[in-house]
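Down below is the structure, laid out as structure tokens.
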Amino acid sequence: MSKVAPTLEDVARVAGVSRATVSRVVNGTRNVDPGIQETVRNAIEQTGYTPNRAARSLVTRRTGTVALVISGAGGGSDVFTDPFFGRVTAGVVDFLRGHSVHPVLMLADSDPARTEVVEFLRQGSADGALLVSTHPVDPLPARLLDAGVPSVLYARPGRPMPVSYVDMDHRAGGRMAADHLVAAGRYNTTTISGPLDVLASQDRHAGFRDAMARHGFPYVPSAEGGFTFESGATAMQRLLTECPDLDAVFAANDLMAQAAVDVLQAHGLRIPDDVAVIGFDDSAPALACRPQLTTIRQPVERMAAEMAALLLADLEKPGQRPRSVIFEPELVVRASA
């Protein structure tokens, strides 16, 4: 004979509250005293009650899922091999797990894929979108806004629009790298930028060059990369050809910095004795590199968690004004500079 599943009434009896109070706690209603919420949660644990997700969705009009949308990354292989996207996903998943919300990963690397994302969300298949857009002219943020889909962006949108986002002060990160290299006596400095049609790349590049100018260096040779290992190696080779006496390199992400180290060492140069190298992000390649990279830390996991928190707050109380949360970079000094 199968055991009868616990009900809301069972939880209410153990907690010593009404069935309506238990229902409000289960459905996440805000106006419940924190002490009562704790009592009800303890009773849920004691009884083994499991909310019926389908029934709960009928009451709350929520699915308990949100879409994590990667737009413009160029395909699935880029997403699954790039350490940045892995860190964003980890930050989102860890935060949502604590709120009983499940992410649905969606890749929007083409116009048909973006249309599919919009229709998926418009139909209510997920409660909202966490959007990581890699290109400033990406139409998806505006399309989600026009469709009335609750959305939060990782990084500010390419053009002003009333949407919440998290970002970091990338210019400050570029300035930190320049200040560190100049303080170490490096005056023949070069830089490998990220794609200069990406806002974060523009800001890191501008911050570095502005700080170098303030230190009395009006011109810094640069080569544009694509945030990949291969593009970093190509850019480093080009800089070595154009500036054989260089003594420092600032690369706009750790993957390109790691590639730069490999190229420099292949030319018989010692890191950091002959050439100092600084990366950006403080991701896995910074620790895998030999020597380990001095880098500018971007708190990606914290930023991703905050992005998810902003979306859940908007879902809980619709109609709030959009918010921006800007994180500060941090210089992490290791062996390469």
Side-chain angles (χ1 to χ4, degrees), residues 61-63 65-76 78-79 82 84-85 87-89 91-92 95-96 101 103-171 194-206 226-227 252 298 300 303-327:
R61 299 186 183 277
R62 300 258 293 272
T63 65
T65 63
V66 297
L68 174 57
V69 184
I70 312 295
S71 181
D78 291 338
V79 172
D82 189 306
F84 168 75
F85 293 117
R87 294 177 66 192
V88 170
T89 302
V92 166
F95 180 85
L96 293 180
V101 176
V104 177
L105 179 63
M106 304 189 75
L107 305 182
D109 55 348
S110 66
D111 285 336
R114 293 185 187 99
T115 297
E116 183 178 344
V117 167
V118 173
E119 289 307 309
F120 178 85
L121 290 159
R122 196 203 303 269
Q123 293 168 9
S125 300
D127 299 321
L130 301 168
L131 178 58
V132 184
S133 180
T134 60
H135 202 283
V137 296
D138 185 357
L140 190 53
R143 291 183 64 180
L144 292 175
L145 186 64
D146 292 342
V149 175
S151 305
V152 180
L153 275 60
Y154 190 106
R156 74 183 191 272
R159 63 179 178 83
M161 61 182 68
V163 62
S164 295
Y165 66 85
V166 300
D167 208 340
M168 193 185 77
D169 189 345
H170 295 279
R171 283 179 177 262
L196 290 176
D197 58 353
V198 173
L199 295 178
S201 296
Q202 295 172 15
D203 287 348
R204 294 174 193 182
H205 192 60
F227 283 148
Q298 178 178 194
V300 175
M303 293 168 68
E306 182 63 28
M307 176 174 64
L310 289 174
L311 179 60
L312 294 194
D314 188 41
L315 294 173
E316 186 66 36
K317 190 176 180 181
Q320 299 183 82
R321 66 172 179 81
R323 290 187 56 205
S324 56
V325 180
I326 309 300
F327 289 75

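Along the sequence shown, the residues carry numbers beginning at 1. FYI, side chains are in, hydrogens and waters are out, and symmetry mates aren't considered; it's all heavy atoms of this structure.
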Worked verdict on Leu130 versus Val66 for side-chain contact (heavy atoms from CB on, under 4.5 Å): CA-CA 7 Å; Leu130 301 168; Val66 297; 4.1 Å; yes
Taking every non-hydrogen atom, the tightest pair across Ala129 and Leu121: CB-CD1, 3.8 Å
Test side-chain contact (heavy atoms from CB on, under 4.5 Å) applied to Pro157 - qualifying residues, sequence neighbours left out: Leu153, Met161, Val163, Tyr165
Atom pair CG/CG of Leu145 and Leu140 - distance to nearest 0.5 Å: 11.0 Å
Criterion side-chain contact (heavy atoms from CB on, under 4.5 Å) on Asp109 and Ile70, from CA distance to verdict: CA-CA 8 Å; Asp109 55 348; Ile70 312 295; over 6 Å; no
Separation between CD of Glu119 and CZ of Arg143, rounded to the nearest 0.5 Å: 8.0 Å
Salt-bridge criterion met for Asp138 and Arg114 (N-O under 4.0 Å): yes
Exercise: identify the closest heavy-atom pair between Gly194 and Phe227: CA-CE2, 3.7 Å
Closest non-hydrogen atom pair, Leu311 against Ser151: CD1-N, 4.1 Å
Where at least one partner belongs to residues 154-164, residue pairs that pass side-chain hydrogen bond (donor to acceptor under 3.5 Å, both in side chains), sequence neighbours excluded: Tyr154-Gln298, Arg156-Asp203
Pairwise distance CD(Gln320) to CG(Leu315) - rounded to 0.5 angstrom: 10.0 Å
Atom pair CD1 (Ile326) and CE (Met303), whose distance is rounded to the nearest 0.5 Å: 7.5 Å
Euclidean distance, Met106 CE relative to Leu131 CG, rounded to 0.5 Å: 11.5 Å
Residue pair Leu196 / Gln202: nearest heavy atoms and the distance that separates them: O-NE2, 2.9 Å
Contacts of type side-chain contact (heavy atoms from CB on, under 4.5 Å), residue Asp197, not counting sequence neighbours: His135, Pro195
Value rounded to 0.5 Å, distance of CG in Asp127 from CG in Asp314: 11.0 Å
Nearest non-hydrogen partners of Val149 and Gly128, listed with the distance: CG1-CA, 4.3 Å
Closest heavy-atom pair and its distance - Ala304, Val88: CB-O, 3.4 Å
